[in-house]
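Report on the following structure.
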Amino acid sequence: VESSIPEHMREAWRKYSPQGFKTKDEFEGEVVRHIETTLARSLFNCDELAAYSGTSLAFRDRLIIDWNKTQQRQTFADQKRIYYLSLEFLMGRALDNAMLNVGLKGVAKEGLEDLGFRVEDIISQEHDAALGNGGLGRLAACFLDSLASLNYPAWGYGLRYRYGIFKQEIENGYQVEIPDYWLDFNPWEFPRHDVTVDVQFYGWVNKYTDDEGKQVVSWQDGELVTATAYDAPVPGYGTPTVNNLRLWSSKASSGEFDFSKFNSGEYESAVADQQRAETISAVLYPNDNLERGKELRLKQQYFWCAASLHDIVRRFKKTGRTWDEFPDQVAIQLNDTHPTLAIVELQRILIDKEGLEWPKAWDIVTKTFGYTNHTVLPEALEKWSVPLIQNLLPRHLQLIYEINLYFLQQVERRFPKDRDLLSRVSIIEESTPKMVRMAYLAIVGSHKVNGVAELHSDLIKTTIFKDFVTVYGPDKFTNVTNGITPRRWLHQANPRLSELIASKLGGYDFLKDLTLLNKLEPFIDDKDFKKEWAEIKYANKVRLAQHILKTTGVSVNPKALFDVQVKRIHEYKRQQLNIFGVIHRYITLKGLSAEERKKVAPRVSIFGGKAAPGYWMAKTIIHLINKVGEVINNDPEIGDALKVIFLEDYNVSKAEIIVPASDISEHISTAGTEASGTSNMKFVLNGGLVIGTLDGANIEITREIGEQNIFLFGNLSEDVEDLRHHHFYGNYQVDSELQKVFDLIKSGKFGDESAFGALIAAITEHGDYYLVSDDFDSYRKTQDLIDETFKNQEEWVTKSITSVARMGFFTSDRCINEYADTIWNIEPLAVADEKEA
Ligand code: Z15
C-alpha cells in the first residue's frame, strides 16, 4: 500500500522502534519522562493524579508496541477474526489490569516507591471506564480479556459515550444521579482521526433503471454524521497478544456541515446541527433489562452498526478475496439484539453497493452472524415501530420487509396452510403502529442463537422462541454458559487469595486454566491452610469495613456475617425480598431479651446498586433500604447484632473491594427471570457462599460445587406460571410473617409509610408478579440455616474452599473457547514468544 515505508528505508525504523521498559530503572525513566514532557509537570508539582497519568502512559506505550505487533501478525496470518458488537463494555479500571497482564506490577510497585508513591494509591486514582449498565456490559469486558488471553484475533466494537453510567449519590435516603463525564484525561484511548466513516440518516429511496437497463436502488439525501474511531488496547494475560477495542464517536460530517451558515447570521443553527450530531454518542442509556423505544437510541444503534460494518468490509476488501469467502474471514457476534441492524446493513452493502443477488447475499449474511440472547423479560425485548424506522432508515425498512418475505416464503413451503404460525414468526408485528421484532430479525439473520446458562437456553426454546425451533429445528439454538475472567476477579481483586492458591498449586497456571483449582481439594483438611484462608477473608472484610466507615459513617464489626447483595436494582432481582427479610430479622431481635440477643450470629446486610432513573419502584426499594438502615443502625438495643448498609455508586472498581469480602451473597431472582447472573460466579470464586434460587447459572454452580455448599430456596421456574395464576384466581393470602413486616412499615417506623405503599401493594393487591410472598417463608428459614452454619467456622471454611476448588468451569476462557468452536469457527493465532506471567 502507498502509505508504507519503502523496503530499503525500513532499516532505520527497525533500529529505533521502541521496545518498552522491562526493568525498574527503565520504568522510572519512562514515568518521569512522561510527567515532565507529555504532562509538562515537575517533581515540585506531582500529585498522585500526575503519578497515575505518568504510570499509565508508560504502560500504554508498552501495550501499544505489542498492539502494533499483534495487529501486523493478525493481518499477515490472514485468518478469520471475530468481531464482538456490543453497545456496552463495562471495563472498569485499566492500569492494574495492564500491570498484571504484562507481568510488571512488581516492577511498577518498586519503581513507584522510589518515586515516592504507593502503587495502590496510584491505581485508585483512575476513573472507571463505565460504558455499561450491568451484567451484559461486564460480560463483554470479561470476553475481551479472555479473547486476548487465548490469542484469538478479535475486535470489540462499541460506542464512545461521553457520559458513561451515571454516578449514584444517596441524599436523605434517595438516589440522586450525577453525570459521569469521564474523558477529561483518558490515557488508554487513541483517537484515529484518519479512520472515519460517514453515516447517513433520513432521506428517501430512489429506485430506477440505469442507462444499461439495470435496476438501481439508492438511498439519497438525508443527513450525514461522521464516526471517528477511538481505539483502546486490550492486553491478554501472560501473552504478547494485545487486541483492539474500537469505539465510535459522532460529530457533524465535514462534507455535510454547513460552514456558510456561520457567516450568514445562522451561527446558532449551525451550532445546533453540530450538537445534534454529537448527541448520538453523548450518553449511555441507563436502563438495564428495559427498552423504551426512543429515536436517539435507534440512531445510536445504526450509527455504531454502520460504522463497524463499513470498517469490517473495508478490512476484508483489502485481502482481495471474493465475497463468498467473507464468512471464512469474518464472524460477527451480536451482544443481544442491540446490534441487529448490522444484519440489515450487511445485506444492504451486498445488494445495493456490491450488486450481489439476494440469495447469495443472504447466505453470506446468515453465515456471518451469531446472536446471543440475554433475557426473557418481555419489557427488555426490543421492538421498533415501523414509522420510526421508515423515517430514520427508509432503505433498511424495505430490506427488513424483504427479509421477512423471503423468510415467510420458506416457512410457507415447509408448513403450508399454517397461517397462525406465519403470523407468530413474522418479523413484523401487526399492531398499531406496526412493530419490528428485533429478536426475530436477529434469529432469522444468524446461523446460531445462544442463551447464557442452561436453564435460560432451555427457556428460550420452549417460550419466547418456541416457534423458531419448529421452523429451524433445535440445532440452531444452543447454550454457552457465561463465565468471568479469573484475572480481574481473583488475581486482581483478591491478590492474597491468589497468592495462597499459587503457593499450594506451585504457580499461577490456574489463572490460565481455572480447572487446576481442583488441585486444592487435597488441602481441605490442612489446618494451616484453612487458617490462612480464613485470615484472608477476614482481612478483606476489615478492608470493606473501613470503606463502609469512610463512606457511610457506620462502624461495622468485621467478625459479623457479611451478607451482600450488589447488582442493578430491579423487581425481578428481588432486593425487596432481602430487605423484607432484614425487617423481619429486626422484629425477631426486638422480641428477644438482651441475654438471648447476645447469642445470635451478628450480621451486616450490605446492599448496592443503581436504579434506572425512571424506574420508580426500584427507587422506592433503595429508599426503603436506606430508611431501614437509619432505624436499625441507630437502635441501641440492636448494636452489632444487625447493621444495614447501602453502598453508594456500585461499580466495577467497588466490586473489586466488595466481592472478596462477602461471607454470603444473594442471588435471589424469581426463578426463570435471571438469564445467568455472573456476580454469583465472582463471589464463589472468592470463597463466599451463596443464598440463591434455582435460577440462571445458580443451577450449574450447584451442580459443580455440590448441593451441600450452597443455600438454595424458593419455588421452581416450572411452577411460577401456576403460582401467578393462583394469585388472581385462588384464595390467595400473603405469608403471615411477611404481613408483620408490612404492618411495621405501615406503622411509620421507617418514616412516611405512604412512600412505601406501592411496594407493599404490588404484593398484596397487584398479583405479586415476582412471587415475593410465595418465597418468603423458605427464604427466612434458609437464612436461619445460614446463621447456624456460620457459627461452625470449621465447616464454613470447608465449604468455602471446596467451592473454590470446583469453580473451574466458570472461567470466561472456557466460555470463549465454546463460542470459538461451536459458533465462530475460529482458531487462536500462534504467538512465538509466549512470555512468563
Ligand atoms: C443485562 O445486563 C442482561 C440482559 C439484558 O437483556 C440486558 Cl438488556 C442487560 C444481563 C442478564 O440480566 C444477566 O442475567 C446475565 O448474566 C447478563 O446479562 C450477561 O449475560
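Order of listing sets the numbers, starting from 1, for every ligand and every atom in it. We're numbering straight along the sequence, starting at 1.
Each of F477, Y440, Y371 was checked for a ring-ring contact (aromatic ring centres under 6.0 Å, His included) with F468, and the lone residue meeting it is Y440.
Note: an N/O pair closer than 3.5 Å links L136 and ligand 1 by distance alone.
Taking each of L139, N289, D336 in turn, the one with a heavy atom nearest to atom 3 (C) of ligand 1 proves to be N289.
With respect to the salt-bridge test (charged N to carboxylate O, under 4.0 angstrom), the residues D649 and K654 qualify. Salt-bridge check for E454 with R703: passed, with a basic side-chain N closer than 4.0 Å to an acidic carboxylate O.
A donor-acceptor pair is defined here as one N or O able to donate and one able to accept, closer than 3.5 Å; such a pair exists between the side chain of H447 and the backbone of I823.
Counting protein heavy atoms only, atom 20 (O) of ligand 1 is closest to H374 ND1, 2.7 Å. Nearest protein heavy-atom contact of atom 16 (O) of ligand 1 is G677 N, 2.8 Å. Shortest contact from atom 14 (O) of ligand 1 to any protein heavy atom: E674 OE1, 2.6 Å.
Against a heavy-atom cut-off of under 4.0 Å, T375 is close to the following atoms of ligand 1: 6 (O).
Between Y819 and F143, a ring centre-to-centre spacing shorter than 6.0 Å is recorded.
The closest approach between N133 and ligand 1 stays at or above 4.0 Å for every heavy atom of the residue.
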